[in-house]
Structure formats: C-alpha cells, structure tokens
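Side chains included, hydrogens not; waters and symmetry mates left out as well; all remaining heavy atoms used. Whatever order the structure lists ligands and atoms in, that order sets their numbers, starting from 1. The first residue of the sequence shown is numbered 1, and numbering continues consecutively from there.
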Amino acid sequence: MLAAIAALSFTTACSDSGGGSTSTNSSRASSTPASAATDADAARITMKNFAFSPVTLTVKAGEKVTVVNDDSAAHTVTASQGGAFDTGSIAGGKSGNFTAPSKAGSYAFTCTFHPNMKGTLTVS
Ligand SMILES: [Cu+2]
C-alpha cells in the first residue's frame, strides 16, 4: 500500500518536471527572434544573381558591413577608387565583411571578377 502511494507520487513529480522544462524551452526560443531582428538591422550587402542588394547602402562612418554571397560564383565588394574598402574574394555561399570608410561621402564599389556588378556605399 505504502509502496503504491510512493510510486504514484514519483510519477506525478516526474511529469511536473517535464512540463517545467518544456516551458523553459519555449521562453528560450522566443528570445531567439529578438537577436535575429538585431542582426537584420546591421549593415549588410547580399550578392545574388550577379547583383548587389541593396544597390545603394547607407551606413555610419566606420560601421562594419556584412557581405553575404548567395551565388555559387565568388564575388568581392571592392571600392572603385582609392582602395577605401575591399572584402577580397568571397566564395559562393560564404560571407565576409569590411569596415566602412571613416570619411563621409559616396563610394562606388564593384566586384573585381564581374565589373558589371555595381553598387554605391553612402557613408553618413
Ligand atoms: Cu562577382
């Protein structure tokens, strides 16, 4: 009799702790989209179908810009004049980054492999 009660209370405790860990997991999952939203605010250039997106990006002086290559071909983000910035070759499916110039202005950039790819970085 005593053993049956002990077994019953053990089962109850076990299912309670299972429920507790489930709710902990769901609150952890809900914090993930918040950090993803912060990433989306970061300066980013995507290269896809042999084009830069966006074509014109405005960033703060000295801001770090993430460059994502969604093509299978390698690309670069290279300032057209003065070597203001250059990611070097970014292989297909990879990402890289560069630091925006510290001087405000408008900087044309291109891909050294595909000169038809053009974009403009505006430093505010
Ligand atoms: Cu390219």
Side-chain angles (χ1 to χ4, degrees):
M1 185 62 181
L2 203 62
I5 291 166
L8 186 66
S9 74
F10 178 77
T11 304
T12 305
C14 193
S15 90
D16 276 349
S17 85
S21 92
T22 301
S23 90
T24 304
N25 282 347
S26 74
S27 82
R28 204 178 291 146
S30 74
S31 72
T32 305
S35 71
T38 307
D39 275 359
D41 285 345
R44 177 188 298 253
I45 295 169
T46 301
M47 299 177 292
K48 193 168 188 178
N49 299 323
F50 294 82
F52 295 114
S53 175
V55 171
T56 300
L57 180 69
T58 301
V59 299
K60 296 189 201 74
E63 189 172 354
K64 187 174 167 182
V65 181
T66 299
V67 181
V68 179
N69 184 356
D70 272 350
D71 275 339
S72 53
H75 295 303
T76 75
V77 171
T78 305
S80 301
Q81 293 183 339
F85 52 88
D86 185 2
T87 61
S89 179
I90 301 173
K94 302 288 186 189
S95 61
N97 62 74
F98 66 90
T99 302
S102 56
K103 193 177 165 194
S106 187
Y107 298 82
F109 62 84
T110 185
C111 168
T112 55
F113 305 131
H114 311 103
N116 288 338
M117 293 174 64
K118 293 183 196 313
T120 303
L121 184 76
T122 300
V123 176
S124 62

Please output the side-chain donor-acceptor pairs of residues 113-124 that fall under 3.5 Å, not counting sequence neighbours, one pair per line with the distance.
residue, atom, partner, partner atom, Å
His114, ND1, His75, ND1, 3.1
Lys118, NZ, Pro115, O, 3.3
Ser124, OG, Val59, O, 3.3

Check your understanding: Stepwise, does the side chain to side chain contact (heavy atoms under 4.5 Å, CB included) test hold for Phe85 with Val65?
Key -> CA-CA 10 Å; Phe85 52 88; Val65 181; over 6 Å; no

Check your understanding: What protein N/O/S atoms lie closer than 2.8 Å to the Cu ion (ligand 1)?
Key -> His75 ND1, Cys111 SG, His114 ND1

Check your understanding: What pairs of residues pass the side chain to side chain donor-acceptor pair (under 3.5 Å) test when at least one of them lies in residues 81-107, not counting sequence neighbours?
Key -> Thr78-Asp86

Exercise for review: Could you tell me whether the side chain of Asn69 and the main chain of Gly93 form a donor-acceptor pair under 3.5 Å?
Suggested key: no

Practice item. Apply side-chain contact (heavy atoms from CB on, under 4.5 Å) to Ser72 and list each qualifying residue two or more places apart in sequence or on a separate chain. Key: none

Review point. Where do Thr110 and Phe52 come nearest, in terms of heavy atoms and distance?
Key: C-CZ, 3.8 Å

